[in-house]
Amino acid sequence: MALGAGVAGFLAVTAAMAWPGGLHATQLVAVLIFLVRLGFAAFLWWLAARSFAMLSNPATTADQIAAMRELPMALPEGTVRAVLALIVGVVGLPLLLFTATLGLSDAIAGYVNGIIAGVFGYYFGARAQMPDAQAQRRVTEALTTEQRAHAETRAGAASAAEDAVAAALRPVQEGDATGRLARHLAVAEALVEGFGAALPVGVIPQGAAAMLRQARQALTGNPDLSAIAAATTALTGASGPLASLVSAAAPVLGGVAGGPLAGAALLLGLGWTLSAQGWRRWQAQVLDAPHDPTLFDPGSITPADALASLDAVPDFAAALAGLRNTPGFAAELTDMALRDDGAARLWSAWGAGRFASPAVIEDALTRFRRALLGTEARQDITDTAVTEMATRLSAASPALRPDAPDPEAVRRLLAPTPASAPETARAAMEALTLLTGQLRDTHQDPVELLKEITP
């Protein structure tokens, strides 16, 4: 506005100089009023340009646009009143001050005075009451925001309640006849069609294939409850695939938790709850898998762990007895053992005069790695984990209740099954391990399966 007034003054002086004798006072006032209006029109054009620029800005949100729609001309509150009051003051005050110079009558001067007084009185009066009005409006907006937040909270709570209800109903849905048969059919298919060909005769019952056909037929088309019940009874009975596999592993599982079924539930339940790395170590131990350096966490292997694993391989410990007290021996031995070319490194560093050939070192190092992996794997099965799983099994089913399980006995099951155990027991333990891995992949809790098996 100051720029507009300056331009107006400049044009008035220019006009006075352009016409001989200058402009009449009335003409000068008309020019000034015209220029003020022109300045106001330029201001409106600038405002419209800014509005369109803001609307075309991708960073402008819908909430910002909605908030501006509530304001006059999309300006901060009170801006329009201030501009109008400024126009009245800029035009009216000069008219009032130069009434005599302009030759205005007293009536016109009174009108101008009334207009100025009315506008200024309303403007400053409104400004005086504005803090209270603004405070009241802000309280109202805050209440609206709070109500909206409460509504969103209630909606979230309702959604959470629906999820909780769905979660509560999920076990019921999974526990119906069709869901139960489908679960046991998937396990039976893995045992019969996945592992059956590799298992000794007798581990999987001879009628298992017929059981699978019966279960599939019961689930095809319109399920018949009687057919579903018969197929489920066949799969979950004592002669079903899973129960037969547990029975085959009985020589190994029987002394762990007071019975084969309870032992299987304890073992599979612990394996199912292990971390991914812990489960990989478990599986490698039971299946006697080839050396894999990624199974070890070098930072967690202490010198005591390395020396304890060395003592588990007597001939290897005897050959390296002269180096045992050498500073850094345990760390260097662990480093070489975890490398793929560990045997060659060990032969180059310590082989002379201690081992007959590189093949002897390879055999001793394989057994040392297995002992070291067993040390790592036993740390995955804590006493607390065994106790918690035993408590869960006791609550799940009387048939799964373990009799004071020994954590150390459970840890011994992580090693390959002793050669003294029957071949069927050794194969059954490997099959149970593979089954646990499959149940982990499909997120199927083995405890829920085993508690439905008829011992």
Side-chain angles (χ1 to χ4, degrees), residues 174-254 256-269 271-272 286-287 393 396-400 417 421-442 444-455:
E174 294 176 351
D176 63 10
T178 303
R180 182 182 178 187
L181 177 57
R183 291 197 306 273
H184 286 279
L185 174 59
V187 173
E189 288 174 339
L191 295 178
V192 177
E193 300 175 345
F195 313 145
L199 294 174
V201 177
V203 174
I204 299 298
Q206 294 182 354
M211 296 179 190
L212 295 185
R213 288 194 300 270
Q214 181 185 8
R216 289 165 178 162
Q217 291 174 358
L219 293 175
T220 303
N222 295 322
D224 178 72
L225 291 180
S226 60
I228 290 175
T232 303
T233 300
L235 290 179
T236 60
S239 59
L242 184 54
S244 297
L245 184 65
V246 173
S247 297
V252 179
L253 294 173
V256 175
L261 190 59
L266 180 63
L267 193 67
L268 271 64
W272 194 75
V286 175
L287 301 181
L393 295 177
S397 171
L400 303 182
T417 305
E423 180 185 0
T424 54
R426 185 164 49 253
M429 287 297 298
E430 293 178 355
L432 285 174
T433 300
L434 294 173
L435 177 63
T436 305
Q438 182 169 329
L439 295 177
R440 284 173 60 93
D441 293 339
T442 57
Q444 179 64 54
D445 190 348
V447 175
E448 297 300 318
L449 289 169
L450 290 171
K451 76 178 185 180
E452 296 173 346
I453 297 295
T454 302

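All values below were derived from every heavy atom in this structure, side-chain atoms included, with hydrogens, water molecules and symmetry-related copies excluded.
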When you compare the side chain of [Y] with that of [X], does any pair of heavy atoms fall below 4.5 Å?
X: Ile204; Y: Ser244; answer: no
X: Leu267; Y: Thr433; answer: no
X: Trp272; Y: Val447; answer: no

Margin query: Looking at Glu193, I want to see if its CD is surrounded by more than 12 non-hydrogen atoms of other residues, nucleotides or ligands under 6.0 Å.
Written below: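 Yes.
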
Check: Between Leu191 and Leu245, does a side-chain contact (heavy atoms from CB on, under 4.5 Å) hold up when you go through it step by step?
Finding: CA-CA 9 Å; Leu191 295 178; Leu245 184 65; 3.7 Å; yes

Next item on the list: Dump the intermediate steps for side-chain contact (heavy atoms from CB on, under 4.5 Å) on Leu235 and Gln214, then the final yes or no.
Entry: CA-CA 10 Å; Leu235 290 179; Gln214 181 185 8; over 6 Å; no

Shortest non-hydrogen contact from [X] to [Y]?
X: Ala262; Y: Leu400; answer: CB-O, 3.6 Å
X: Thr436; Y: Gly271; answer: CG2-C, 4.0 Å
X: Ser239; Y: Met211; answer: O-CE, 3.4 Å
X: Ala231; Y: Ala215; answer: CB-CA, 3.7 Å
X: Ala425; Y: Val252; answer: CB-CG2, 4.0 Å
X: Leu261; Y: Leu450; answer: CD1-CD2, 4.1 Å

Check: Would Leu449 and Val187 count as a side-chain contact (heavy atoms from CB on, under 4.5 Å) if you check the C-alpha gap in whole Å, the side-chain angles of each, and the deciding distance to 0.1 Å?
Finding: CA-CA 9 Å; Leu449 289 169; Val187 173; 3.5 Å; yes

Between [atom1] on residue [X] and [atom2] on residue [Y], distance to nearest 0.5 Å:
X: Leu219; Y: Gln217; atom1: CG; atom2: CD; result: 10.5 Å
X: Leu435; Y: Arg440; atom1: CG; atom2: CZ; result: 12.5 Å
X: Ile228; Y: Arg180; atom1: CD1; atom2: CZ; result: 12.0 Å
X: Leu268; Y: Leu439; atom1: CG; atom2: CG; result: 7.0 Å
X: Leu181; Y: Arg216; atom1: CG; atom2: CZ; result: 11.0 Å

Check: Less than 4.0 Å between a side-chain N and a carboxylate O, is that true for Arg183 and Glu452?
Finding: yes

